[in-house]
Amino acid sequence: TYVEDPSNPLGEPGSLNEFEVGDTVVFKGMAKDGEKMTVVGKRKMFAVKDNGRNLIAIKVELPDGTKSEYDETQLTKFSR
């Protein structure tokens with residue numbers, strides 16, 4: 001289930017709230033030139049980071065309307 005309300009932390013500290021629904025994101029390393037995507041949802045994954053916290057899956061919509069999902073380590077917020 002995707003968390004459509006960014007104020008719902010699913011009991012997870014940290015980066016669940018790093019990305020909020022409506023944020024514009026790009027792939028890491030592409031902060032200036034990458035294809036801009038809009039966050040449309042997020043959820044806790046079963047995969048666990050080195051610090052013992054579950055990774056967060058970020059569901060995005062591309063400019064052409066296609067939706068896809070990436071883990072939080074693959075994306076960064078777009079800044080102008």
Side-chain angles (χ1 to χ4, degrees):
T1 303
Y2 286 99
V3 179
E4 299 298 338
D5 177 1
S7 68
N8 181 355
L10 292 180
E12 284 291 320
S15 69
L16 181 63
N17 289 322
E18 179 179 340
F19 298 100
E20 295 186 17
V21 173
D23 283 350
T24 300
V25 297
V26 294
F27 288 110
K28 283 191 176 175
M30 305 289 288
K32 298 281 186 211
D33 303 318
E35 182 172 40
K36 292 157 193 67
M37 302 170 275
T38 302
V39 175
V40 295
K42 54 190 177 177
R43 67 177 176 85
K44 182 169 59 170
M45 296 174 66
F46 291 109
V48 177
K49 293 177 79 169
D50 292 340
N51 65 3
R53 185 182 60 75
N54 289 73
L55 283 168
I56 303 304
I58 308 298
K59 186 174 184 180
V60 298
E61 184 173 342
L62 285 76
D64 68 1
T66 303
K67 291 185 178 151
S68 194
E69 183 177 85
Y70 301 98
D71 77 59
E72 63 186 308
T73 66
Q74 296 174 290
L75 302 172
T76 188
K77 285 186 181 180
F78 175 73
S79 59
R80 296 171 209 254

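Just so you know, residue 1 is the first one in the sequence shown, and it goes up from there. It should be emphasised that the depicted structure is a prediction, and the values quoted were computed from it without experimental measurement. Side chains included, hydrogens not; waters and symmetry mates left out as well; all remaining heavy atoms used.
- Between Glu61 and Val39, the closest side-chain pair of non-hydrogen atoms is not below 4.5 Å.
- When atom types are taken as modelled, the side chain of Asn54 and the backbone of Lys44 share no donor-acceptor pair closer than 3.5 angstrom.
- With a 4.5 Å cut-off on side-chain heavy atoms, Glu35 and Pro63 count as touching.
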Residues Thr76, Val26; criterion side chain to side chain contact (heavy atoms under 4.5 Å, CB included); working and verdict:
CA-CA 6 Å; Thr76 188; Val26 294; 3.8 Å; yes
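- Looking only at distances, no side-chain donor or acceptor of Lys42 sits under 3.5 Å from a matching main-chain atom of Ile56.
- Under the 4.5 Å side-chain heavy-atom criterion for ILVMFWY residues, a single connected hydrophobic cluster contains both Phe19 and Tyr70.
- A distance of 10.5 Å separates NZ of Lys67 from OG1 of Thr38, quoted to the nearest 0.5 Å.
- Across every non-hydrogen atom of Leu62 and Ser68, the tightest pair is CD1-CB, 4.4 Å.
- Smallest separation of non-hydrogen atoms from Val60 and Val25: CG1-CG2, 3.9 Å.
- Look at Arg43 and Glu69 and you find a salt bridge, because one of the NZ, NE, NH1 or NH2 atoms lies within 4.0 Å of a carboxylate O, short of that distance.
- Between the side chain of Lys77 and the main chain of Glu18, a donor-acceptor pair closer than 3.5 Å is present.
- With contacts defined as side-chain heavy-atom distances shorter than 4.5 Å, the pair Phe78/Met37 does not qualify.
- Within the model, atoms OG1 of Thr24 and CG of Leu75 stand 12.0 Å from one another, a figure rounded to the nearest 0.5 Å.
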